[in-house]
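Excluded from the calculations below are hydrogen atoms, water molecules and symmetry mates; all remaining heavy atoms, backbone and side chain alike, are included. By convention in this document, chain letters (A, B, ...) are assigned in the order of the sequence lines, proteins followed by strands, and residues within each chain are numbered from 1.
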Amino acid sequence: MTVQELPGAAAAYPAFTLRTDPAPLLPDTEPYRVLGLGTDSPLDPALMRRLYEGLVRGRRYNAQATALTKQGRLAVYPSSTGQEACEIAAALVLQEQDWLFPSYRDTLAAVARGLDPVEALTLLRGDWHTGYDPREHRIAPLCTPLATQLPHAVGLAHAARLAGDDVVALAMVGDGGTSEGDFHEALNFAAVWQAPVVFLVQNNGFAISVPLAKQTAAPSLAHKAVGYGMPGRLVDGNDAAAVHEVLGEAMRLARSGGGPTLVEAVTYRMEAHTNADDATRYRGDAEVEAWRAHDPVDLLERELTGRGLLDEETIRTVREGAETMAADLRARMNADPVLDPMELFAHVYAEQTSQLREQAAMLRDELEAGAGR
Amino acid sequence: MTVQELPGAAAAYPAFTLRTDPAPLLPDTEPYRVLGLGTDSPLDPALMRRLYEGLVRGRRYNAQATALTKQGRLAVYPSSTGQEACEIAAALVLQEQDWLFPSYRDTLAAVARGLDPVEALTLLRGDWHTGYDPREHRIAPLCTPLATQLPHAVGLAHAARLAGDDVVALAMVGDGGTSEGDFHEALNFAAVWQAPVVFLVQNNGFAISVPLAKQTAAPSLAHKAVGYGMPGRLVDGNDAAAVHEVLGEAMRLARSGGGPTLVEAVTYRMEAHTNADDATRYRGDAEVEAWRAHDPVDLLERELTGRGLLDEETIRTVREGAETMAADLRARMNADPVLDPMELFAHVYAEQTSQLREQAAMLRDELEAGAGR
Amino acid sequence: MTAAATLAAKPATMAQALQRAMRDAMAEDARVHVLGEDVGTLGGVFRVTDGLAKEFGEDRCTDTPLAEAGILGTAVGMAMYGLRPVVEMQFDAFAYPAFEQLISHVAKMRNRTRGAMPLPIVVRVPYGGGIGGVEHHSDSSEAYYMATPGLKVVAPATVADAYGLLREAIDCDDPVVFLEPKRLYWSKADWSPHPVEPIGRAVVRRTGRSATLITYGPSVPVCLEAAEAAKEEGWDLEVVDLRSLVPFDDETVCASVRRTGRAVVVHESTGFGGPGGEIAARVTERCFHHLEAPVLRVAGFDIPYPPPMLERHHLPGVDRVLDAVARLQWEA
Amino acid sequence: MTAAATLAAKPATMAQALQRAMRDAMAEDARVHVLGEDVGTLGGVFRVTDGLAKEFGEDRCTDTPLAEAGILGTAVGMAMYGLRPVVEMQFDAFAYPAFEQLISHVAKMRNRTRGAMPLPIVVRVPYGGGIGGVEHHSDSSEAYYMATPGLKVVAPATVADAYGLLREAIDCDDPVVFLEPKRLYWSKADWSPHPVEPIGRAVVRRTGRSATLITYGPSVPVCLEAAEAAKEEGWDLEVVDLRSLVPFDDETVCASVRRTGRAVVVHESTGFGGPGGEIAARVTERCFHHLEAPVLRVAGFDIPYPPPMLERHHLPGVDRVLDAVARLQWEA
Ligand SMILES: Cc1ncc(C[n+]2csc(CCOP(=O)(O)OP(=O)(O)O)c2C)c(N)n1
Ligand SMILES: Cc1ncc(C[n+]2csc(CCOP(=O)(O)OP(=O)(O)O)c2C)c(N)n1
Ligand SMILES: [Mg+2]
Ligand SMILES: [Mg+2]
């Protein structure tokens with residue numbers, strides 16, 4: 001018997017019980033917040049310091065990467081400026097053995113997890129599709145086809161659980177991505193399999209030019225969780241402490257066999273979709289400015305300073321560290337990558353087919369002829 | 001401003017309001033029921049009589065169609081025996097100008113809407129893919145790829161609404177079909193566009209051999225509605241009066257501009273998936289027998305008889321009518337359909353391409369050569 | 001082209017001509033609706049639908065939720081109700097989520113219903129490479145569409161054809177996959193809107209006597225350039241622009257090959273299993289005894305589309321076309 | 001085949017051999033997992049996974065929710081973690097919802113990651129017609145897969161190959177689309193499990209001197225029958241069973257065609273844009289001066305797969321193969 005229970009001997013119709021109680025799955029009506037509330041519930045100073053450093057460096061990283069597009073050093077850059085609280089919290093909440101499944105906007109999360117920033121930017125520089133070994137870093141390739149990485153996260157988490165390994169997968173997707181069929185299928189598989197996976201939706205208000213109102217009529221994106229039988233959580237995506245806490249709880253639930261959680265982080269994309277986009281076509285300055293007042297870096301800095309968890313000295317050190325990182329990134333990205341066109345044929349199959357060998361030979365001849373000229 | 005409202009002048013963080021209140025979207029915890037409760041809230045005698053006749057004829061139709069598979073007159077038949085309350089209520093709730101989007105299991109709904117049963121069975125007999133003009137009957141082709149008909153229903157309803165026409169689309173899908181990405185995308189588009197469409201999920205407990213517990217962890221399938229911002233309704237799918245009422249309400253909501261509704265009808269597939277399936281491989285007799293005690297035809301017959309809305313005489317007339325229908329169907333299906341192989345090339349494009357003309361000529365030559373032998 | 005049209009000709013890009021085609025079709029026929037991701041307010045990421053939402057309202061040019069199967073699936077329903085939807089898939093690889101709707105419904109609906117329910121849908125796909133796009137932004141997916149009976153498959157190569165063929169496609173009662181070569185979006189010509197040869201007709205873009213280059217879409221300019229360069233080697237190359245892969249214009253193509261006796265098929269799509277195989281095979285079937293050499297193919301390599309910094313090695317360029325021409329057994 | 005294996009041979013169907021391949025692979029390698037719709041308790045609608053859930057548990061042979069993109073997408077994740085998933089798509093047309101996962105991830109992952117993350121996934125697709133299935137149950141979709149670099153595409157035609165090639169596919173570090181000809185599921189042979197020629201090798205099933213029939217999968221028995229019938233007309237036909245479309249065995253195929261000088265490609269998939277074009281084109285490129293006649297193709301018509309009562313007119317049968325052979329310009 002599944003949903004439909006057997007009719008009792010006396011009953012004229014089959015007894016019915018909900019598979020799960022929906023009440024605890026429903027998100028709160030307000031995003032969860034920690035910072036800027038004027039309360040003084042304790043914060044972990046070490047964690048806050050790590051978050052703060054991550055946010056400052058992250059902001060700098062975004063600025064540097066955007067600058068690199070202008071210098072022609074990156075083909076394109078989808079900036080996460082304004083969303084650094086989500087990016088950094090997502091990275092910091094992971095344990096060594098956990099897996100991150102980033103979307104194309106999440107190079108910052110990958111870098112914050114420890115990936116070399118140049119390797120993280122390989123895709124966007126254009127010398128190859130993925131610049132790192134996903135297994136070495138437990139970071140899946142940055143994913144461009146929207147929401148397609150979500151079933152991967154579920155499958156990997158499921159496989160790890162079957163193996164008895166202590167691994168949780170954290171998968172990132174945008175508000176627009178929640179409309180894709182793959183989002184639905186991934187969440188459903190995760191819930192049915194009780195896979196140890198956490199879905200983080202960064203609701204930054206837009207999918208390129210399309211505002212959330214044209215994307216969904218749901219009370220919130222977190223409410224989608226109910227339809228899969230998993231808990232939905234709503235969090236202020238500019239509040240790094242809150243995002244870390246909510247994600248941390250979801251990770252613990254997953255790790256302890258409690259299955260998946262859907263987390264919606266409400267945030268805002270401060271810059272255009274990418275450097276190639278013109279955001280003035282679809283949104284006004286007033287909206288952007290209003291969000292600037294809720295900047296994730298400022299918010300955390302204010303709170304930590306107010307609480308005495310951050311002093312001028314530390315702020316300066318952190319900022320200097322960020323500048324060094326940026327200078328280093330700039331320098332390394334200014335060097336032309338060394339490319340071998342013959343690599344085009346190297347990884348299509350485990351072993352080159354005779355057809356690819358022929359084609360490789362043709363290109364080699366062309367290259368040699370060209371070099372000879 | 002969309003979900004994320006602008007921060008107020010005073011607030012340190014952006015105000016947030018849910019797009020819609022989730023409470024009214026949530027289904028009840030019990031399927032809605034009308035029959036067999038021992039209450040005597042009024043029932044519309046004429047409607048009940050039409051439902052009853054539909055159920056009796058529908059049951060007979062299912063039996064006849066199954067018999068036709070044994071006689072080799074149908075290639076395959078996915079029976080809706082046990083689900084007649086859903087099939088008939090779905091058909092009767094529609095107005096003349098409304099559209100029905102049936103799945104491959106819903107030939108009965110199409111027949112109850114007025115389609116010639118032989119035309120409805122064309123697909124399953126195998127002489128062509130669709131046996132009727134969908135526009136003439138406002139019945140979309142019976143749909144085999146699961147859930148793919150749902151976006152069609154949304155698009156059609158949306159187009160009708162844009163034209164200012166009073167048209168509602170009713171789309172049918174199974175419990176298994178709710179796992180497909182197309183289900184998700186269709187419901188989301190419908191809610192965003194506030195399209196006049198009603199989604200009827202017949203939760204018959206199985207997708208071929210796969211029980212609902214392996215299909216979803218949701219409290220109920222109706223709970224999926226919340227994530228799209230549309231109301232979810234749960235109804236006893238074997239209670240024809242209840243299904244008709246719940247669907248009717250949803251149709252009225254859609255018709256009045258109130259947008260889509262997701263209705264889950266809890267029912268049971270009494271026979272195997274199709275005649276080609278062996279249900280004993282995945283479920284026991286006890287379960288089937290238990291559901292037999294909640295048979296939709298019996299349930300309605302008992303109630304109406306008890307209330308004095310149905311007498312022996314009427315029952316006999318209705319059953320005789322069903323027998324006549326079945327005999328007629330049998331007779332007509334025993335005649336071999338007249339087929340023209342050349343039709344294979346007739347409808348691929350509005351105008352035959354030169355390639356198809358060549359191929360048609362080849363087949364014509366073959367046929368003539370064969371006839372000559 | 002009428003004299004009046006010629007007189008009014010002004011410089012226009014292919015993107016502008018495409019926009020104009022939709023604009024004119026929408027103005028003439030209220031059943032024409034445009035839908036897709038970012039096609040409304042933004043005017044599309046390539047600005048091909050620029051201004052349509054403003055001129056015709058968001059109900060006629062609609063920003064949809066982000067779901068390609070949903071876009072094409074709802075377009076099917078809209079067409080069932082009598083509209084003529086023009087759907088934009090943002091990039092070639094992002095049409096793949098809509099594959100089931102395209103193959104199992106769009107391509108088959110007319111046939112399934114014995115002609116009762118044609119689906120006049122245009123699926124616009126910005127396609128192909130050469131624009132430095134990161135992965136999944138440069139696929140040439142025409143082989144998938146060609147192999148699917150019930151679809152027409154069109155690819156313009158000129159500004160005039162961009163307009164004329166898109167108008168034709170929107171007027172067509174069959175579903176059309178309309179492949180817009182991304183790297184030609186900003187190509188320019190002096191042009192004013194005018195009708196062109198119908199879908200299903202190839203056009204000889206350059207006459208020649210030595211050999212025929214059979215091509216379409218983004219490779220047409222490459223072949224024309226190659227033909228110019230070939231003069232130096234003493235080859236007078238004919239260039240046939242197919243314009244539509246389905247229906248295929250056997251007549252024009254074979255007439256050319258019978259005249260020249262030699263042919264090279266040129267396209268950007270991968271070679272193996274790509275359009276070139278079909279084209280070479282059918283030309284050979286029909287012109288075998290006119291052929292001095294096997295029909296050769298110049299195509300993208302049989303690899304996933306390369307990253308931006310390597311794409312130039314993959315794309316068939318003038319040199320590769322000339323190399324193929326040189327292999328057409330001239331000594332024989 | 002070892003003597004011992006031959007001795008133990010017993011009648012088996014292709015479905016049984018496929019089941020046995022998965023069973024043996026699962027027994028030998030704990031990383032092999034089977035997943036799909038109805039593959040567990042039911043053993044698959046064609047019973048090809050019969051008994052696997054019982055023997056290995058539901059965690060190894062899993063009934064998934066009904067969502068093909070989800071099935072293949074989660075299989076990608078499982079493979080990323082080191083498993084070797086064998087995925088069943090219930091019917092050919094029901095693999096289309098998984099198209100994006102297949103094209104954009106399964107085919108490309110190794111390449112994207114510079115070889116760091118191969119995906120050893122087998123996608124089993126019961127494919128093709130001839131079983132009286134209603135629409136969407138009889139598609140021949142190999143053209144889509146062939147046109148996608150990164151995928152291997154395999155189709156067995158014999159009971160021994162069903163086992164041997166599926167074992168090979170499961171062992172293979174590349175993703176394999178494994179096309180199981182539905183109408184051969186119940187074909188029988190005396191057989192015991194044994195290794196076969198590797199993926200990528202074609203096999204001459206029948207030697208002959210007059211012409212070569214190039215074929216694979218469900219059309220192999222048709223060609224063998226045609227070859228028998230051709231004896232009456234005085235033609236001694238060679239039959240090459242490709243076994244894998246990707247990689248393609250140019251060597252074996254061309255060696256045969258060079259010997260015979262004439263060739264016909266036979267498959268059930270539609271002709272236009274189907275595999276036959278590629279095959280004919282590449283054979284012609286390589287064997288042009290050995291050819292006495294153009295390579296001809298016998299294929300399904302360029303139409304959506306017909307309803308059950310008409311499918312026999314669509315499927316290439318012995319007569320159509322012989323008609324094509326007759327057109328190979330014997331008089332020349
Ligand atoms: C399947 C697919 N369709 C379309 C696109 C093109 N595209 C790239 S980003 C984007 C918008 C994504 O919005 P959202 O999911 O909210 O993420 P954000 O950009 O806001 O981070 C679109 C439509 C894509 N990458 N993949
Ligand atoms: C896209 C797709 N995948 C798989 C199938 C094969 N199939 C046919 S019916 C069925 C089960 C459907 O279950 P459900 O949706 O519950 O409908 P029911 O059969 O119970 O009416 C499956 C898997 C299909 N028709 N379409
Ligand atoms: Mg967004
Ligand atoms: Mg069901």
Quick check on [X] against chain A: is it the side chain, the backbone, both or neither that has a heavy atom closer than 4.5 Å?
{"X": "D/A30", "result": "neither"}
{"X": "D/R282", "result": "side chain"}
{"X": "D/L151", "result": "backbone"}
{"X": "D/T113", "result": "both"}
{"X": "D/A67", "result": "both"}
{"X": "D/K152", "result": "both"}
{"X": "D/E58", "result": "neither"}
{"X": "D/D59", "result": "both"}

Could you tell me whether the side chains of [X] and [Y] share a donor-acceptor contact shorter than 3.5 Å?
{"X": "D/T74", "Y": "A/H158", "value": "no"}
{"X": "A/H152", "Y": "D/Q101", "value": "yes"}
{"X": "A/D165", "Y": "D/Y81", "value": "yes"}

Exercise: identify the closest heavy-atom pair between A/R135 and D/G82: NH2-N, 4.2 Å
Can you see which heavy atom on D/D174 is nearest to which on A/A350, and at what distance?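 Nearest pair, atom of D/D174 first, then A/A350: OD1-N, 2.9 Å.
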Let me confirm one number: the CZ-OH distance from D/R110 to A/Y349, rounded to the nearest 0.5 Å.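 Nearest 0.5 Å value for the CZ-OH distance: 10.5 Å.
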Among D/R112, D/M109, D/K108, whose side-chain contact (heavy atoms from CB on, under 4.5 Å) with A/H129 holds?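 Result: among D/R112, D/M109, D/K108, D/R112 is the only option passing the side-chain contact (heavy atoms from CB on, under 4.5 Å) with A/H129.
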